[in-house]
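Source: prediction; values computed, not measured. To find a chain, count down the sequence lines: A is the first, B the second, and so on, and within it residues start at 1.
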Protein chains: 2
Amino acid sequence: MKYPNGIIKTNKNIVLYGNRGMSLEADINATNEYYLVNGIAVIHKKPTPITITKVDFPNRHEAVIKEAYFKIPSTTDYNGIYKGKYIDFEAKECSSKTAFPIINIHPHQIKHLKDVINHGAIAFILIRFTHHNQVFYLDGKYLIDFIESAKRKSIPYSFFKEKGIEIKDGFNPRLDYLKVIDSIYFGGDCYGQKIKF
Amino acid sequence: MKYPNGIIKTNKNIVLYGNRGMSLEADINATNEYYLVNGIAVIHKKPTPITITKVDFPNRHEAVIKEAYFKIPSTTDYNGIYKGKYIDFEAKECSSKTAFPIINIHPHQIKHLKDVINHGAIAFILIRFTHHNQVFYLDGKYLIDFIESAKRKSIPYSFFKEKGIEIKDGFNPRLDYLKVIDSIYFGGDCYGQKIKF
């Protein structure tokens with residue numbers, strides 16, 4: 001059973017989740033909304049790409065999609081602008097304790113990340129290891145380097161611990177990933193640490 | 001009757017269309033594909049935003065959307081990166097000879113353009129006046145200024161002639177709007193002219 005305040009009650013015990021039981025996507029959307037409303041950044045999730053094959057028009061002012069199919073995305077899910085820089089990222093939840101399977105990010109999306117990095121973007125992935133209840137920022141260049149050199153089918157949790165930066169859950173914004181970007185790209189500090197690449 | 005080479009034959013005469021009978025969206029998508037393949041820029045159209053209310057799973061590997069509705073977009077249709085800068089725009093066809101009705105761009109989209117400009121984006125609209133067979137680039141700041149000061153419900157064709165920049169149809173890319181951006185933002189020239197704002 002799930003209570004609104006994020007307490008999940010099972011038969012045996014009460015577990016209090018740091019992320020208040022929300023999905024990573026919901027956390028990012030809430031964070032982006034906070035950034036937007038406070039004039040910090042303009043970052044949006046893209047709509048799910050679909051192919052529409054049938055639309056009904058029950059009346060002049062209404063259109064109902066009656067048949068459509070999910071398409072493989074050709075870009076990442078999130079992009080926008082922060083401090084004049086183009087921001088681009090993908091976000092995934094990972095239920096494995098030990099590694100993130102690369103197959104969860106489409107080859108198109110990896111190519112896209114590479115492309116935008118070549119054009120000067122700040123690109124990255126956000127991965128939530130649900131078992132550890134940790135969210136990591138992994139810079140796009142580490143992701144690309146890993147994929148191109150390691151020839152493995154998954155990225156070990158230890159790689160995220162080493163090369164990634166953990167983003168602590170917050171109240172508002174819930175998942176302050178721009179703090180990491182401030183540190184890496186704009187000389188700010190991140191949870192009291194300067195991050196050097 | 002419509003021939004593949006863009007000649008439209010009616011009972012009375014033959015008309016040769018400069019835009020080869022393609023929609024503005026198709027022209028922009030082909031142009032963006034050209035930019036992408038040639039490593040010039042990464043600019044994509046966002047998927048149409050919809051709300052999915054019913055999905056069927058005929059088998060384990062397939063999902064068919066059986067009911068969905070179109071949503072009002074909260075951002076513009078196109079964004080991406082060019083020469084390290086965040087690019088954001090909306091594109092519309094206009095059948096009126098004399099003016100473009102502002103209602104064709106949602107208030108959310110105008111707010112979005114304003115937001116991204118405040119964060120340092122290159123933002124604009126592309127309007128095709130189908131009757132004149134002309135496509136104009138209108139910089140976001142002129143659009144916002146007009147909307148906020150003129151209190152009119154439409155932007156006259158003459159305003160596009162005065163403040164906009166006409167983009168000539170090309171073969172490949174079909175609609176080279178980055179040429180205008182080169183000129184305005186990167187000191188390049190545009191059809192032999194330097195453009196000053």
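Residues A:Leu36 and A:Tyr82 fall into different hydrophobic clusters, defined by Ile, Leu, Val, Met, Phe, Trp and Tyr side chains chained together at heavy-atom separations under 4.5 Å. No single ILVMFWY cluster, assembled from side-chain heavy atoms under 4.5 Å apart, contains both A:Val116 and A:Tyr78. Under the 4.5 Å side-chain heavy-atom criterion for Ile, Leu, Val, Met, Phe, Trp and Tyr, A:Ile110 and A:Phe100 are members of the same hydrophobic cluster. Hydrophobic cluster membership differs between A:Leu178 and A:Ile81, with clusters built from Ile, Leu, Val, Met, Phe, Trp and Tyr side chains linked at under 4.5 angstrom. Linking Ile, Leu, Val, Met, Phe, Trp and Tyr whenever their side-chain heavy atoms come within less than 4.5 Å leaves A:Tyr185 and B:Tyr86 in two separate clusters.
From B:Ile50, atom CD1 reaches atom CD1 of A:Ile50 across 3.0 Å, with rounding to the nearest 0.5 Å. Residue A:Ile52 holds its CD1 atom at 8.0 Å from CD1 of B:Ile65, rounded to the nearest 0.5 Å. Considering CD of A:Glu67 and CG of B:Asp56, their distance stands at 10.0 Å, rounded to 0.5 Å.
Residue-environment remark: NE2 (B:His108) stays at or below the threshold of 12 foreign heavy atoms within 6.0 Å. Summarising the local packing, NZ of A:Lys83 is surrounded by more than 12 heavy atoms from other residues, nucleotides or ligands at distances under 6.0 Å.
Contact of A:Ile87 with chain B is not made at all, since no heavy-atom distance falls under 4.5 Å. The contact between A:Thr48 and chain B is made entirely by backbone atoms, counting heavy-atom distances below 4.5 Å.
Looking at residues two or more places apart in sequence or on another chain, you find no salt bridge (charged side-chain N to carboxylate O under 4.0 Å, His left out) involving B:Lys66.
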### Message
Using side chain to side chain contact (heavy atoms under 4.5 Å, CB included), reason through A:His112 and B:Val42 one step at a time and then give a plain yes or no.
### Response
CA-CA 8 Å; A:His112 174 75; B:Val42 184; 3.7 Å; yes

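Taking non-hydrogen atoms and a 4.5 Å limit, the residue list of residues 69-76 of chain B in contact with chain A, ordered by number, reads B:Tyr69, B:Phe70, B:Ser74, B:Thr75. For a heavy-atom cut-off of 4.5 Å, chain A lies close to no residue in residues 147-160 of chain B. Residues from residues 117-125 of chain B that place a non-hydrogen atom less than 4.5 Å from a non-hydrogen atom of chain A comprise B:His119, B:Gly120, B:Ala121, given in numerical order.
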